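Remarks on the structure that follows.
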Amino acid sequence: LLDQNNEEGKRRSRALSIYLGKQFEKENSVRFKQVDLQNDILSLFIDVPIYTGADSEFSKESYNRQNRIINTLIKKLPEKELPDSASFEEPEREYYSFEFDGKARIGAATFFLNNMIQEEVPFVVLEGGPGQGKSTLTQYVCQVHRAKLLNKRNFLEKINKTHNQQSARVPFRIDLRDLAVWLEGRNPFLIEKHSSKAIIDKRSVENFLAHHISFETGGIDFSVNDFFSMIAKSHLLVIFDGLDEVPDFERRNLVVAEIQNSISRMKVETLSLQSIVTSRPAALSNAPGLPKDSFPVFVLDAVTPDLAKEYARNWAGA
């Protein structure tokens, strides 16, 4: 990932390796607060289908282009062999394309981990209802990339072949509630999140990530300059999770503007950039959001009967 021929390069490489390892450990389980349960992410994950979102603000040309991209990807993938509906035997963990209700579907993780999709649709808003799995999906996608970079063979052997065959990206997953706090001049990583200690300058996504790397690695120096040195030699994935959890319009406007500005800066410097913004569908038509021609909307679809049975099997096992 980085030039280790000098001390600066070794420091950056060490910080990034520790950071990715720490994030892998933290995000390798799914937590269900309602029932006080947490379990290994692979034991419960199912690849919920995705489809192209469309509304009156969305141009027909963009909508047709997205459907062509999805259909092209579906044609390139082998069909998933669905288990017998009457069988409760453990199915093979393969999330490819499949037919349901006369419509071709593709799993969201398969979609976002695909090299062609990363190139053709690099910036996306992912919408889904509460509890539908937006955060778990992005958590899984990041874990796949981390496992490749950290050579976590035990994890990689358990995921499907299609996900394992795609290129790796350096993943960052940002909780937009924390980013909103940061952009207002407060440090979300302090124990007292409402501390009066202000961040006087550099209220950017890049400085947020650089600070998070330093925080999670126990204080290794990692600056914005280090961040840009790192991404200059990397393919990057940045996930902004939970736009709907920034309900105040003024704060959300600030967050949306900084997401766009940071993407404009990072895509110039990195080898390639993929970015996903997750949100519930906007309850109000005038709620601040990303422009849909540059951030097309994709939506998590309903869980099919076969996926529901697979999820039930996973839950029973857990």
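In this text the structure is predicted, and so the values were computed from the model without any measurement.
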Determine, stepwise, if the pair Arg265 / Glu206 fulfils salt bridge (Lys or Arg N to Asp or Glu O under 4.0 Å).
-> CA-CA 9 Å; Arg265 293 187 295 260; Glu206 297 91 331; 2.7 Å; yes
So, the side chain of Thr138 versus the backbone of Ser135: is there a donor-acceptor pair under 3.5 Å, distance only?
-> yes
Atom pair CD1/NZ of Ile41 and Lys158 - distance to nearest 0.5 Å = 12.5 Å
Side-chain touch Val48/Leu137, heavy atoms, less than 4.5 angstrom | no
Looking at Arg251 and Glu184, does any basic side-chain N land under 4.0 Å from a carboxylate oxygen?
-> yes
Taking atom types as modelled and ignoring hydrogens, do the side chains of Ser29 and Asp40 form a donor-acceptor contact shorter than 3.5 angstrom?
-> no
Salt bridge or not for Arg11 and Asp221, using N-O below 4.0 Å?
-> no
Does Lys26 pair with Glu216 as a salt bridge, N-O distance under 4.0 Å?
-> yes
So, Glu27 and Lys22, do they make that salt bridge, N to O below 4.0 Å?
-> no
What about Phe298 and Phe112, are their ring centers closer than 6.0 Å?
-> no
Do Asn187 and His211 have side-chain atoms, one donor and one acceptor, less than 3.5 Å apart?
-> yes
With distance as the sole criterion, is a donor-acceptor pair present between the side chains of Asn314 and Ser43 under 3.5 Å?
-> no
Taking C-beta and beyond as the side chain, do Tyr140 and Leu113 meet within less than 4.5 Å on heavy atoms?
-> yes
Indicate whether the side chain of Thr110 and that of His163 have a donor and an acceptor atom separated by less than 3.5 Å.
-> yes
Is the distance between the ring centroids of Phe172 and Tyr19 less than 6.0 Å?
-> yes
Regarding Ser204 and Asn207, is there a side-chain donor-to-acceptor distance under 3.5 Å anywhere?
-> no
